[in-house]
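Presented below is the structure to which this report refers.
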Amino acid sequence: MLKKLLMTPGPTNVPEEIRKKMAEDVIHHRMADYKKLFSEVSENLKDFFKTKQEVLTLTCSGTGVMEAAVVNLFSKKEKVLVINTGNFGQRFVEIAATYELDVIDLKYDWGSTYDLDDIKAAISENPDLKGIFMTHSETSTGVLNDIQRVGNLTKDTDILLVVDSVSGMVVNPLEFDDWSLDCVVAGSQKGFLLPPGLAFIALSNKAKKAMERSNLPKFYFDLKKYIKFLKEKQQNPYTPAITLIVGLKCACDLLLEEGLDTIQAKHTKLRKYLGEELLKLGFEHFVTDEKARGNTLVAVTHRGIQDMDKFRETVDKDGVSIAGGQGNYAGKLLRIGCLGKITKADIDRTIEEIKKNLI
Ligand SMILES: *Cc1c(COP(=O)(O)O)cnc(C)c1O
């Protein structure tokens with residue numbers, strides 16, 4: 001029997017050598033061997049963010065680190081703008097509203113990217129704006145939002161640019177320092193070849209200053225403690241997911257050895273191939289503007305399939321897991337992940353199963 005193939009935009013299949021590494025005995029997180037391991041992965045992570053700043057590792061899923069960004073950088077009633085292009089933009093709106101920030105919700109139709117003129121207008125109309133939140137790869141739609149252009153707008157201002165690259169990082173380019181980003185968050189179960197459970201965050205000097213002023217409540221996610229522990233002890237303040245950090249070292253070695261440029265070029269090719277094969281079966285791209293599509297996933301509709309969720313359940317029984325639509329698009333979309341360790345053969349198997357169930 002073929003093993004189950006995860007073609008979802010997170011979690012992804014974990015390569016055998018990483019799983020084997022994680023099956024080894026647990027080490028202790030206050031000892032020298034852990035400190036060495038944690039210093040090494042913390043250095044490696046800088047290569048993914050493309051930054052000289054430290055990258056902090058938290059034990060939580062992506063939503064946890066999004067919340068950490070909000071509670072560490074802002075204060076009650078501060079005005080922030082969310083570039084809301086889908087379900088994950090909406091999540092920032094909800095987290096910020098939960099902490100009583102004054103949220104401008106700049107909503108776009110699902111499947112579209114943002115319009116830069118709207119951001120310029122919002123900045124000039126709101127001189128008291130403290131932050132902009134945006135999603136790099138909008139996993140609910142397949143849109144890849146250009147974050148560099150927004151970085152150019154915020155770089156010489158006091159506005160903090162906070163980016164959710166949970167599903168964007170690794171398979172799509174991102175330059176933390178060069179694009180003047182202030183806070184970027186990522187997660188283990190998307191591009192990093194790992195199971196869920198770890199999240200990563202980097203902060204600019206501007207963001208670190210804002211952290212000193214922030215008055216929102218926080219304890220577990222107080223990032224000052226994570227910075228202090230990393231710098232002074234090469235450790236985490238609380239017991240980390242040690243096993244996943246062991247896996248992370250193995251994943252970083254594999255990914256960095258292959259090289260991010262090579263990986264990104266490979267995923268562009270695979271994602272385009274997947275799209276072309278789906279079109280042959282009568283599917284249509286949900287993101288109509290080709291330039292707005294990213295490498296993380298391919299989202300498609302099909303006039304002949306009434307209930308996409310039922311359809312993907314059948315494909316799942318045949319051994320290939322694919323994701324469906326979220327929010328108002330539940331049952332109307334297929335979202336096929338193109339990240340993690342996937343190959344052309346995996347795509348061919350996925351297409352084969354979809355084709356079989358179409359008839
Ligand atoms: C997966 C994902 C998250 C985090 O979701 P969790 O279920 O909390 O891991 C956040 N943002 C984006 C864009 C994602 O794809």
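Everything quoted here is computed from the prediction, not taken from an experiment. Read the numbers this way: they start at 1 and go in the same order the structure lists the ligands and their atoms. Keep in mind that the numbers below use all heavy atoms, side chains included, and drop hydrogens, waters and symmetry copies.
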query: Listed by chain and number, what are the side chain to side chain donor-acceptor pair (under 3.5 Å) partners of N152, not counting sequence neighbours?
result: none
- prompt: Who are the residue neighbours of ligand 1 when the rule is a heavy atom under 4.0 Å from any of its atoms?
  reply: S61, G62, T63, M66, F88, R91, T135, S137, T139, D164, V166, S167, Q189, K190
task: Examine the side chains of S75 and S214 and answer whether a donor and an acceptor come within less than 3.5 Å of each other.
output: no
message: Please determine whether a side-chain nitrogen of the Lys or Arg among R312 and D309 lies less than 4.0 Å from a carboxylate oxygen of the Asp or Glu.
response: yes
task: For N205, enumerate each residue passing the side chain to side chain donor-acceptor pair (under 3.5 Å) test, keeping only those at least two apart in sequence or located in another chain.
output: Q53
message: Would you say that C60 contacts Y220 through its side chain, given a criterion of any heavy-atom pair below 4.5 Å between the two side chains?
response: no
- request: Could you identify which residues cluster with L358, counting Ile, Leu, Val, Met, Phe, Trp and Tyr as linked when any side-chain heavy atoms lie under 4.5 Å apart, either directly or through a chain of such contacts?
  value: L5, M7, L270, Y273, L274, L278, L281, F283, V298, V300, I305, M308, F311, V315, V320, I322, L334, I336, I342, I347, I351, I354
